[in-house]
Amino acid sequence: VEMQTLTPHVYWAQRHSEIYLRVELSDVQNLDISVQDNILRFRAQGHGAKGDNEYEFSLEFLEPVKPEVTHRSTQRQVNITVKKQEHSWWDRLTVQERKPLFLAPDFDRWLDESDAEMELREKEERINRYLNQTPALFFPEFLGLKKGYLFMYNLVQFLGFSWIFVNMTVRLFILGQDSFYDTFHTIADMMYFCQILAVAEVVNPALGLVKTGVMPAMIQVVGRNVILFVIFGSLEEMQNKAVVFFVFYLWSMIEIVRYPYYMLACIDNEWKLLTWLRYSIWIPLYPLGVLAEAVAVIQSLPIFDETRLYSIPLPKALGQSLSFSYTLQLYLVLMFLGLFINFRHLFKQRMRRFRAKKRKAH
């Protein structure tokens, strides 16, 4: 008796890198699965919705997939995994907008895009936790040294910026606006110390001691050091301007919250108020800090033009030198680009914590 060719029930789900298909077919024999020209073809004999028959189907995927297919058959079903060529989230599975009648979502594995991102991050965090714990398995003292170093670094920075913040606040109450104009001469040495020490914030993630990205840390550290050492440190004319007060005060306000938060994280502790401040206070303070830095750069431009400090020598045919102010104008553009990158990075951190908190609540 010639067997009728039928279509099995197929359920699908996705992640950013893979497609999952579940074919409702038991006691499978003569299984043939292939991907050619971005079309998956399935053929097998087994027991499905119409009893024992030969079942087959084909799916042309929405976007390119890799030709290799992995599959695993059980007594009740066939599980197929297809890898996407590029990590992305698809709006649907197939090229044709109308869904095939035999295809349905696999709600056992179904996630929306944000949940899939969360799952991916949790997987990465588990891997990172394992990698971070691996040295400690063989060298238990390593973990203690690492925590001790990070705790002491954050403690020293917290004390340094607290000294700056308290000193500036007291002087503001006693002297009023007069304190604006000699901020540099009273605070600069401690700010030099803290900002030189802050170079460790680029080194630490580069060595894998902390999980934060190297690039956001580098943007902030380099940006601040340009303002402190090049703009304020090199130009005496800038040192008695009110903008120094606002730059230093905004920096210290951010850091007296950030460093104790990291300090407590080193000893696996958390204060809810401090956590809330850490992920909220930067929203107004960070853009204000960049704005104050931009004002400092703009005020320094005519001084660099006049003094020719750090000017770049040019051939006689082109003129005597190229003013450093042109470099600073380019830096001004990069500063606001850096603001966007860092703001996006910090906002993602905040949303990640919010989603994790929401998930725990449920």
Side-chain angles (χ1 to χ4, degrees), residues 157 160-161 164 168 180-206 212-255 282 284-346:
Q157 287 287 58
F161 279 104
I164 291 169
M168 291 180 71
F180 291 176
Y181 306 105
D182 63 350
T183 298
F184 184 86
H185 302 290
T186 54
I187 303 297
D189 288 343
M190 182 60 77
M191 190 61 83
Y192 281 147
F193 171 78
C194 290
Q195 283 308 129
I196 289 169
L197 202 60
V199 173
E201 291 183 30
V202 180
V203 176
N204 290 343
T212 53
V214 176
M215 191 52 66
M218 185 177 287
I219 289 169
Q220 180 167 313
V221 171
V222 171
R224 283 191 180 182
N225 284 346
V226 167
I227 300 297
L228 180 61
F229 291 98
V230 178
I231 305 293
F232 296 153
S234 300
L235 300 176
E236 286 186 24
E237 295 91 334
M238 288 297 300
Q239 292 171 7
N240 58 4
K241 289 187 181 291
V243 71
V244 179
F245 174 88
F246 293 102
V247 169
F248 284 7
Y249 207 56
L250 288 163
W251 286 357
S252 63
M253 284 175 76
I254 293 169
E255 304 305 21
W282 59 267
L285 292 185
Y286 188 63
L288 283 173
V290 173
L291 186 63
E293 291 171 26
V295 170
V297 171
I298 291 165
Q299 288 184 353
S300 73
L301 295 178
I303 302 171
F304 278 111
D305 282 336
E306 187 181 337
T307 60
R308 312 303 293 176
L309 185 65
Y310 303 133
S311 60
I312 303 161
L314 294 173
K316 286 183 179 179
L318 297 173
Q320 290 185 337
S321 62
L322 184 66
S323 175
F324 184 66
S325 66
Y326 293 112
T327 306
L328 286 179
Q329 287 171 46
L330 175 62
Y331 172 73
L332 206 56
V333 176
L334 295 176
M335 185 189 292
F336 285 100
L337 181 63
L339 168 67
F340 172 75
I341 292 169
N342 257 335
F343 206 83
R344 189 165 166 266
H345 171 72
L346 289 165

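Just so you know, residue 1 is the first one in the sequence shown, and it goes up from there.
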### Message
Testing the 3.5 Å rule here: is there a donor-acceptor pair between the side chains of Ser323 and Tyr310?
### Response
no

### Query
Is the centre of the Phe184 ring less than 6.0 Å from the centre of the Phe245 ring?
no

### Query
Got Tyr181 and Gln239 here, is their nearest side-chain heavy-atom distance under 4.5 Å?
no

### Query
Does CZ in Phe193 sit with more than 12 non-hydrogen atoms of other residues, nucleotides or ligands closer than 6.0 Å?
no

## Note on the structure
So CE of Met253 and CG of Leu285: to nearest 0.5 Å the spacing works out to 5.0 Å

### Query
Is there side-chain contact between Val222 and Met218, with at least one heavy-atom pair below 4.5 Å?
yes

### Task
Apply side chain to side chain contact (heavy atoms under 4.5 Å, CB included) to Met190 and Phe161, showing your working.
CA-CA 8 Å; Met190 182 60 77; Phe161 279 104; over 6 Å; no

#### Entry: Criterion side chain to side chain contact (heavy atoms under 4.5 Å, CB included) on Gln157 and Glu255, from CA distance to verdict
CA-CA 8 Å; Gln157 287 287 58; Glu255 304 305 21; over 6 Å; no

### Query
What distance do Ile298 atom CD1 and Ser325 atom OG have between them, rounded to the nearest 0.5 Å?
12.5 Å

### Summary
Rounding to 0.5 Å, atoms CD (Glu236) and CG (Asn240) come to a distance of 9.0 Å

### Query
Between the side chain of Ser234 and the main-chain N/O of Ile231, is any donor-acceptor distance below 3.5 Å?
no

### Message
So Leu328 and Phe324, do their side chains get closer than 4.5 Å, heavy atoms only?
### Response
yes

### Query
With a cut-off of 6.0 Å (strictly less than), are more than 12 heavy atoms of other residues, nucleotides or ligands near CD of Glu237?
yes

#### Entry: Spacing of Trp251 atom CH2 and Ile164 atom CD1 [to the nearest 0.5 Å]
9.5 Å

#### Entry: CZ (Phe229) with more than 12 external heavy atoms under 6.0 Å
yes

### Task
Taking the side chain as every heavy atom from C-beta outward, state whether Leu322 and Ser311 have any atom pair closer than 4.5 Å.
no

### Task
Compare all side-chain heavy atoms of Gln329 with those of Leu301 and state whether any distance is below 4.5 angstrom.
yes

### Task
Would you name the heavy atoms of Leu250 and Ala292 that are closest together and state the gap between them?
CD1-CB, 4.1 Å

### Message
I'd like to know whether Met168 forms a side chain to side chain contact (heavy atoms under 4.5 Å, CB included) with Phe180, so could you lay out the CA-CA distance, the side-chain angles of the two residues, the decisive distance to 0.1 Å, and finally the verdict.
### Response
CA-CA 9 Å; Met168 291 180 71; Phe180 291 176; over 6 Å; no

### Exercise: identify the closest heavy-atom pair between Leu235 and Ser300
CD1-CB, 3.8 Å

### Query
What heavy-atom pair brings Val230 and Phe304 nearest, and what distance separates the two atoms?
O-CZ, 3.9 Å

### Query
What closest approach, in Å, do Pro205 and Ala200 show between heavy atoms, and which atom pair accounts for it?
CD-O, 4.4 Å

#### Entry: Gap separating the CD1 atom of Ile219 from the CG atom of Leu337, nearest 0.5 angstrom
7.0 Å

### Beyond-backbone contact of Ile227 with Met335, side-chain heavy atoms, under 4.5 angstrom
yes

### Query
Is there a side-chain contact between Phe232 and Phe248, using heavy atoms and a 4.5 Å cut-off?
yes

### Query
Looking at OH of Tyr249 and OG1 of Thr183, how far apart are the two atoms once the value is rounded to the nearest 0.5 Å?
10.5 Å

### Message
With a 6.0 Å cut-off (strictly less than), is the heavy-atom count around CD of Glu306, excluding the residue itself, greater than 12?
### Response
no

### Minimum side-chain heavy-atom gap Met238-Val244 below 4.5 Å
no

